[in-house]
Amino acid sequence: MDLTKVIEARKTIKMFNPNVKISREEIAEMLTIAQLAPSKANLQPWRYVVVDDTETKNQLLGFVGHNAPPCESASAVILVLADLEYQKILDDILDYSVEKGCLMPQFRDNSYNFLLGLHEKSSEAEIRDQVLIDTSLATMQLMLVAKDKGYDTHAIGIFNREAVMNALEVDSKRYAPLMLLAIGKAATAPIPSVRLPLEYTVSWNNGKGFKK
């Protein structure tokens with residue numbers, strides 16, 4: 001599908017067809033493409049817990065408020081996480097970069113020391129902000145990739161984060177929960193929505209040009 005058409009067609013779906021199952025292979029393919037998103041220094045802090053087991057998925061229903069129907073009917077629900085301790089896999093990232101010819105071996109150690117130094121100089125708030133931004137970029141791409149593959153999504157930002165993290169046995173000190181993403185095949189038409197004209201959202205050369 002043409003990129004513009006994918007963007008225009010992506011809508012939030014309130015109910016999925018519960019009979020449609022997405023294979024792990026296809027989910028993995030979509031995640032692989034989504035991970036081509038940019039991130040600061042290519043540190044790739046996004047992490048995904050894919051819940052495709054019905055019993056496990058049902059454990060989440062009481063933690064998502066009015067979003068239980070899309071979660072229950074979705075083929076999978078993905079807990080999107082940002083890794084606050086991404087530096088723990090910095091060695092792996094650089095070694096993989098060398099292996100794939102993206103980094104010359106002689107620059108590997110200097111790159112490690114530079115990136116680790118940047119991390120250690122950053123405040124907790126700065127690290128959190130950055131990994132959430134980077135993870136959001138990859139997750140938006142995942143929603144578009146899913147639409148291009150013929151699937152639909154529902155991004156859930158309001159949920160009991162502590163309860164979901166506990167239910168899925170995720171380390172809440174290391175990982176920051178960004179959202180839950182339900183994915184499947186739409187069973188109902190999306191609710192129509194509009195976007196503001198650019199005069200509300202764009203100002204040229206200074207911040208004084210917004211309509212309101």
Side-chain angles (χ1 to χ4, degrees), residues 1-40 42-61 64 67-83 86 89 92-93 96-97 100 102 131-159 161 164-165 167-170 175-191 193:
M1 192 186 299
D2 176 80
L3 176 59
T4 300
K5 293 187 182 299
V6 170
I7 294 171
E8 292 173 343
R10 186 219 56 82
K11 303 291 183 183
T12 297
I13 296 301
K14 301 295 185 180
M15 181 66 70
F16 298 96
N17 183 340
N19 298 317
V20 173
K21 304 300 179 185
I22 306 176
S23 70
R24 288 190 173 184
E25 290 76 16
E26 198 164 7
I27 292 175
E29 179 186 2
M30 289 188 280
L31 287 167
T32 299
I33 298 171
Q35 291 184 158
L36 296 174
S39 61
K40 178 184 177 181
N42 197 33
L43 293 173
Q44 307 167 59
W46 43 76
R47 309 287 181 261
Y48 301 104
V49 178
V50 181
V51 181
D52 61 356
D53 173 74
T54 300
E55 183 177 346
T56 305
K57 185 155 58 78
N58 288 342
Q59 292 178 21
L60 307 179
L61 300 182
V64 296
N67 289 307
C71 282
E72 185 175 20
S73 58
S75 300
V77 176
I78 302 174
L79 174 60
V80 181
L81 304 164
D83 190 352
Y86 58 81
I89 65 165
D92 300 64
I93 292 172
Y96 198 54
S97 295
K100 294 299 181 179
C102 298
V131 297
L132 289 174
I133 290 170
D134 292 343
T135 301
S136 296
L137 292 171
T139 306
M140 184 68 249
Q141 289 205 163
L142 176 57
M143 287 187 273
L144 294 177
V145 171
K147 189 62 197 176
D148 188 51
K149 296 291 186 181
Y151 299 112
D152 300 280
T153 54
H154 183 121
I156 300 169
I158 300 176
F159 60 98
R161 283 164 163 73
V164 169
M165 296 284 276
L168 298 180
E169 301 179 282
V170 179
Y175 302 105
L178 178 66
M179 71 176 71
L180 288 167
L181 185 66
I183 180 171
K185 180 79 73 170
T188 57
I191 296 174
S193 62

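For clarity, every value in this text was computed on a predicted model and none was experimentally measured. Values below: every heavy atom of this structure, side chains too, minus hydrogens, waters and symmetry copies. When a residue number appears, it is its place in the shown sequence, counting from 1.
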Any chance you could measure [X], atom [atom1], to [Y], atom [atom2], to the nearest 0.5 Å?
X: L178; Y: L132; atom1: CG; atom2: CG; value: 6.0 Å
X: Y151; Y: M30; atom1: OH; atom2: CE; value: 6.0 Å
X: L181; Y: M143; atom1: CG; atom2: CE; value: 6.0 Å
X: L144; Y: I33; atom1: CG; atom2: CD1; value: 11.5 Å
X: I156; Y: N67; atom1: CD1; atom2: CG; value: 4.0 Å
X: K57; Y: S73; atom1: NZ; atom2: OG; value: 7.0 Å

Problem set entry | Flag side-chain contact, heavy atom, 4.5 Å: P70 against K14 | no

For this session: Could you check if a side-chain atom of L180 sits within less than 4.5 angstrom of a side-chain atom of V80, using non-hydrogen atoms only?
Result: no

Quick check: closest heavy atoms across [X] and [Y], and the distance to 0.1 Å?
X: N17; Y: A187; value: N-CB, 3.6 Å
X: S39; Y: P45; value: CB-CD, 4.0 Å
X: P38; Y: L137; value: O-CD1, 3.8 Å
X: A167; Y: Q59; value: O-OE1, 4.2 Å
X: I93; Y: N42; value: CG2-O, 3.8 Å
X: C71; Y: V77; value: O-CG2, 3.7 Å

State whether the number of non-hydrogen atoms from other residues, nucleotides or ligands found under 6.0 Å of [X] atom [atom1] is greater than 12.
X: L36; atom1: CG; value: yes
X: K5; atom1: NZ; value: no
X: I7; atom1: CD1; value: yes

For this session: Report the C-alpha separation of D83 and V131 in whole Å, then their side-chain angles, then the decisive distance to 0.1 Å, and conclude whether the side chain to side chain contact (heavy atoms under 4.5 Å, CB included) test is met.
Result: CA-CA 7 Å; D83 190 352; V131 297; 5.9 Å; no

Within the distance-only criterion (no hydrogens, no angle test), does the side chain of [X] pair as donor or acceptor with the backbone N or O of [Y] below 3.5 angstrom?
X: K185; Y: G150; answer: yes
X: T12; Y: H154; answer: no
X: D152; Y: I183; answer: no

Problem set entry | With E29 via salt bridge (Lys or Arg N to Asp or Glu O under 4.0 Å) - residues at least two apart |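 Salt bridge (Lys or Arg N to Asp or Glu O under 4.0 Å) list for E29, sorted by chain: K149.
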
All side chain to side chain contact (heavy atoms under 4.5 Å, CB included) counterparts of [X], not counting sequence neighbours:
X: D92; value: I89
X: P190; value: K11, I13
X: T188; value: M15
X: A138; value: A37, W46, Y48

For this session: Could you check D53, T54, N58 and say which one makes a side-chain hydrogen bond (donor to acceptor under 3.5 Å, both in side chains) with T56?
Result: D53

For this session: Walk me through it: do L79 and M165 pass the test side chain to side chain contact (heavy atoms under 4.5 Å, CB included)?
Result: CA-CA 9 Å; L79 174 60; M165 296 284 276; 4.0 Å; yes

For this session: Could you go through the salt bridge (charged side-chain N to carboxylate O under 4.0 Å, His left out) check for D52 and R24 one step at a time?
Result: CA-CA 8 Å; D52 61 356; R24 288 190 173 184; 2.7 Å; yes

Problem set entry | Counterpart residues, ring pair (Phe, Tyr, Trp, His ring centres under 6.0 Å), relative to F16 (two or more places apart) |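 Applying ring pair (Phe, Tyr, Trp, His ring centres under 6.0 Å) to F16 gives none.
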
For this session: Check step by step if side chain to side chain contact (heavy atoms under 4.5 Å, CB included) holds for I27 and V50.
Result: CA-CA 9 Å; I27 292 175; V50 181; 4.2 Å; yes

Problem set entry | side chain to side chain contact (heavy atoms under 4.5 Å, CB included) between L142 and I78, worked out | CA-CA 11 Å; L142 176 57; I78 302 174; 4.1 Å; yes

